[in-house]
2 protein chains.
Amino acid sequence: MAGFVSHFTNRLDAKGRVSIPAPFRAVLARDGFEGLYCIKSSHCSAVDAGGNELLAEIEKRSENFIKLSPDHDALAIALFGESENPKIDGDGRMTISEMIRDHTGITDQVTFVGLKYKFQIWEPEKFREYSAEAQKRALAMLSGQAPAPSQGEPV
Amino acid sequence: MAGFVSHFTNRLDAKGRVSIPAPFRAVLARDGFEGLYCIKSSHCSAVDAGGNELLAEIEKRSENFIKLSPDHDALAIALFGESENPKIDGDGRMTISEMIRDHTGITDQVTFVGLKYKFQIWEPEKFREYSAEAQKRALAMLSGQAPAPSQGEPV
DNA sequence: TGGGTACATATGGGATACCATGGGAAATCA
DNA sequence: TGATTTCCCATGGTATCCCATATGTACCCA
């Protein structure tokens with residue numbers, strides 16, 4: 001019901017593992033997905049993660065294209081070929097893969113950010129910067145002024 | 001449940017064998033297909049591979065043509081005559097055939113790419129190039145802009 | 001209200017299982 | 001019978017499982 005909310009920062013151990021925040025684990029458990037579904041965010045240096053709800057959202061995008069067509073293949077490679085399915089161990093931890101490390105710049109700490117139907121995996125400092133920027137944009141939008149695009153697409 | 005997701009690169013041994021990634025093997029086992037179904041991709045230098053789910057998708061496409069018609073025969077030759085059924089040995093390996101080598105340019109390494117209902121077999125460097133391109137096309141397609149065909153026609 | 005106990009979570013580390021890979025030997029084919 | 005394929009086993013590295021500990025928090029009882 002609640003979805004992923006709030007954010008948490010945890011330490012990466014020597015084996016490259018990190019605890020997924022307990023509240024997020026609870027959401028995942030209710031969602032019923034085996035493990036975790038992870039895909040690079042196309043517009044910021046974070047990785048989107050979630051379960052069936054996120055997967056359904058992603059699958060919806062490719063439904064309009066005919067399978068075996070060049071368009072569908074390209075889309076499927078971008079969506080599924082470039083994503084990962086990390087397992088979650090008995091203690092609620094996941095391992096941060098090469099792909100995630102490369103795309104996020106994570107070294108020894110990980111910030112988990114809830115976005116309701118999914119959550120994001122960030123390098124803590126990069127998240128702080130992005131978050132500050134997002135605040136400004138949100139304020140500008142709410143005050144009715146013209147948005148300040150600055151970077152990519154909206155979240 | 002998950003289908004073929006993510007991508008993996010494995011080494012080809014002296015006998016021309018390569019390990020099929022364990023997660024893909026698990027999907028194939030669930031699918032129940034004996035061995036592997038392989039067919040050249042019509043629009044890129046990769047080979048499509050999978051089990052019953054892929055086969056069903058291909059058959060669906062040929063249903064649009066009347067059996068015994070020249071069109072159907074031509075299609076049947078293209079789809080089934082040009083395909084192969086490599087076995088999977090006890091250790092989860094397949095041998096890369098002459099056909100696959102020719103069509104993909106594979107020499108000593110193989111990249112397996114999950115596309116949900118099937119996976120593709122690529123020469124690693126070619127995959128990197130194609131994937132970067134696919135990423136751009138996907139963004140264009142999903143943002144509702146005109147797609148960038150760049151290459152060929154649909155199957 | 002204060003003290004203490006039980007539980008949950010994050011984290012560390014040893015042991016084990018899995019997996020990709022290499023290579024020998026038997027079997028198959030032409 | 002020579003070449004190729006299939007089966008089987010060995011090995012090293014990695015990921016997974018399992019248990020231990022610390023820190024905190026909620027709860028309970030006097």
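Keep in mind the model is a prediction, meaning the values are calculated, not measured. Letters go in sequence order (proteins before strands), and every chain restarts at 1.
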Could you state whether Tyr37(A) and Ile100(A) fall into the same hydrophobic cluster, counting links through intermediate Ile, Leu, Val, Met, Phe, Trp or Tyr residues with side-chain heavy atoms under 4.5 angstrom apart?
no
In whole angstrom, what separates Ile20(B)'s CD1 from dT21(C)'s P?
12 Å
Minimum heavy-atom distance Asp71(A)-Phe65(A), with the two atoms named
CB-CD2, 3.7 Å
Starting at the 5' end of DNA chain C, which residue's closest nucleotide do you reach first, Ala14(B) or Pro21(A)?
Pro21(A)
With no hydrogens and no angle check, is any side-chain donor or acceptor of Glu84(A) less than 3.5 Å from a backbone partner on Pro86(A)?
no
Does the side chain of Arg11(B) get closer than 4.0 angstrom to OP1 or OP2 of dG22(C) through an N or O atom?
yes
Go through dC7(D), dC18(D), dA20(C) for me and flag the one nearest to the Arg17(A) side chain.
dC18(D)
Without decimals, in angstroms, what is the distance between Asp13(A) CG and dA10(C) P?
13 Å
Here the distance between atom C1' of dT11(C) and atom CZ of Arg25(A), to the nearest Å, is 12 Å
Nearest whole angstrom, please: distance from the C1' of dT23(D) to the CG of Asn10(A).
13 Å
Whole angstrom is fine here: how far is it from CZ in Phe8(B) over to C1' in dC18(C)?
14 Å
Hey, is the main chain of Ile96(B) close enough, under 3.5 Å, to the side chain of Arg101(B) for a donor-acceptor pair?
yes
For residues Tyr130(B) and Trp122(B), determine if any side-chain heavy atom of one lies less than 4.5 Å from a side-chain heavy atom of the other.
yes
Above 12 or not: heavy atoms from other molecules or residues under 6.0 Å from CD of Glu34(B)?
no
Checking contacts here: which listed nucleotide (dA10(C), dT6(D), dT21(C)) is nearest the side-chain heavy atoms of Lys15(B)?
dT6(D)
Contacts to DNA chain C from residues 86-104 of chain A, heavy-atom cutoff under 4.0 Å, which residues?
Asp91(A), Arg93(A)
